[in-house]
Amino acid sequence: MKKKVLSIILGVAMVATLLAGCGNEAKETGAAGNTDGPVYAFVSKSAGNPFNERQATGFEEAVADIGGKAIIQHPEAATADAQITVIQSLISQGVDSICVAANDENALQAALEEAAAAGIKVCSVDSTVNVASRLTHVNQAGVTEIGQCLMDAVYDLTGGEGQWAVLSATSQAANQNAWIESMKEIQAADSKYAKLELVEVAYGDDEPQKSTDQTQALLQNYPDLKVICAPTTVGIAAAAKVLQDQGSSVKLTGLGLPSEMAEYIGDDDAHSCPYMFLWNPIDLGRLGAYTSAALVSGDITGAAGETFTAGDMGEYEIVTAGDGGTEIILGAPFKFDPSNIEEWKEVY
Ligand code: RAM
């Protein structure tokens, strides 16, 4: 039932995206609604990333439920500078809240502190900013939980030994860096992983072409490579196509959107990705909006132990995060494999 509702939302969002065109500039769309009510802003990592568009859809949908206005901003590139420009413009507009998926954990601090000083409630979502820059963070799943899922997948797909590589997003992305760090720690902590060799962490910057080039470079530089793990929806889709088109024996796993990855998921040699993981990006955006609204209304301040109701998503508790700040966790990562990919590709 929930999946059907999400399909409808997704369909509406896709039409809206088509109507809005697909320029590469920072885009702003306001949800229809009460312009006299609070104005909630969402700043994604960058334009042109379907994962970010799904988050924006969820954010807008929740604001339509809460009341008020949503401002969605997709910066032109996945850089801190592009986000700082957008944040400064939002401060000038006098928005009530900013919810940002950060391209850099520390570089947004001055801009976000300026926003906070202007009375704007700041939280991060998907990719955190540092503790000084936020009231709380909306996290898709526990960092170690994601690291463990990915490390187990690398272990399984390599057969427990041999070379593997990471194809990440940008080198400054807090979320990817935390997951990669967690994988490294898990690998180092258990002798079970002793025969696995992480040869490189490559960065495709969440750009399809750069991710394609980086995948090709990994294949050329490491002829004995067994597995690529791409903890980014853009990276995994680009790598999946390269590996599958080349009929490579290198296997792929990571974090991917089912709608983009369905044609690559399979157990046989004809498919490059046996299985992968993700969470619901629409729900992540919704939770970002409900958190923003609870901060603006004063229902929460962002302190650990506080609880709030996120519309029909139910009650969430703010907990202490690994960096000493606080966070709200959406749920557990979900595994997509040949048994369920056909169903999920229609949802997001
Ligand atoms: C990309 C982005 C995003 C991340 C997903 C898994 O779309 O880098 O931040 O959460 O991948």
Side-chain angles (χ1 to χ4, degrees), residues 13 17 42-59 72-75 77-80 82-83 99-105 108 123-129 137-143 145-147 149-150 153 166-183 201-212 214-215 228-240 252-261 273 275-288 327-336 344 348:
T17 306
F42 168 64
V43 182
S44 80
K45 277 183 164 180
S46 62
N49 177 344
F51 180 93
N52 297 340
E53 284 154 14
R54 304 290 194 279
Q55 278 189 98
T57 300
F59 192 92
I72 305 298
Q73 290 272 314
H74 296 295
T79 64
Q83 289 190 316
C99 179
V100 58
N103 287 320
D104 188 302
E105 194 168 355
L108 306 182
C123 65
S124 47
V125 63
D126 175 43
S127 183
T128 191
V129 286
H137 172 61
V138 180
N139 208 349
Q140 43 272 75
V143 167
E145 217 177 349
I146 296 172
C149 282
L150 296 177
V166 171
L167 173 66
S168 191
T170 64
S171 62
Q172 300 303 317
N175 54 346
Q176 270 88 18
N177 285 351
W179 301 328
I180 295 164
E181 211 38 56
S182 171
M183 291 181 81
V201 177
Y203 298 97
D205 290 350
D206 269 352
E207 288 173 15
Q209 188 56 52
K210 188 164 180 203
S211 302
T212 299
Q214 290 293 314
T215 305
I228 295 175
C229 177
T232 141
T233 57
V234 180
I236 198 172
L252 179 69
T253 191
L255 305 173
L257 271 178
S259 54
E260 293 191 305
M261 287 294 291
C273 181
Y275 57 89
M276 59 168 202
F277 303 85
L278 200 70
W279 37 84
N280 186 328
I282 303 168
D283 282 349
L284 188 60
R286 292 174 75 211
L287 190 54
E327 66 182 8
I328 299 147
I329 295 187
L330 176 69
F334 187 83
K335 183 177 178 183
F336 299 97
W344 281 101
Y348 52 82

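Order of appearance sets the numbers: ligands from 1, and atoms from 1 within every ligand. On a predicted model such as this, the values are computed, not experimentally measured, just so you know.
- Of the listed residues (W279, F277, F334), just one forms a ring-ring contact (aromatic ring centres under 6.0 Å, His included) with W344, and that residue is F334.
- With S44 as the fixed residue, the side-chain hydrogen bond (donor to acceptor under 3.5 Å, both in side chains) test singles out one of H74, Q83, R54: H74.
- Smallest separation of non-hydrogen atoms from S211 and G204: OG-O, 3.4 Å.
- Of all the atoms in ligand 1, the ones that sit under 4.0 Å from a non-hydrogen atom of N49 are 1 (C), 2 (C), 7 (O).
- Proximity of V143 to W179: side-chain heavy atoms (C-beta onward) are separated by under 4.5 Å at one or more points.
- Taking every non-hydrogen atom of F51 and a distance limit under 4.0 Å, the qualifying atoms of ligand 1 come out as 3 (C), 7 (O), 10 (O).
- Contacts between T233 and ligand 1 below 4.0 angstrom, taking non-hydrogen atoms only, involve backbone and side chain alike.
- Listed for the N103 side chain is a donor-acceptor partner under 3.5 Å among the backbone atoms of K45.
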>> Does V138 form a side chain to side chain contact (heavy atoms under 4.5 Å, CB included) with L284? I'd like the steps, not just the answer.
In response: CA-CA 8 Å; V138 180; L284 188 60; 4.1 Å; yes

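- In this structure a side-chain-to-backbone donor-acceptor pair under 3.5 Å is missing from D283 to G58.
- Considering backbone and side-chain N/O of S127, none are found under 3.5 Å from N/O of ligand 1.
- A heavy-atom separation below 4.0 Å is found between W179 and ligand 1.
- Taking distance alone, with nitrogen or oxygen atoms compared against 3.5 Å, N175 approaches ligand 1 more closely than that limit.
- The Q140 neighbourhood of ligand 1 comprises atoms 10 (O), with distances under 4.0 Å to a heavy atom of that residue.
- D126 OD1, 2.6 Å is the protein heavy atom nearest to atom 10 (O) of ligand 1.
- Where the criterion is an N or O separation shorter than 3.5 Å, residue side chain and backbone included, N52 fails it with respect to ligand 1.
- Nearest to atom 2 (C) of ligand 1 by heavy atom, out of D205, T232, D206, is D206.
- Proximity of Y348 to S259: side-chain heavy atoms (C-beta onward) are nowhere separated by under 4.5 Å.
- Heavy-atom contacts of Q176 reach the following atoms of ligand 1: 2 (C), 4 (C), 8 (O), 11 (O) (cutoff under 4.0 Å).
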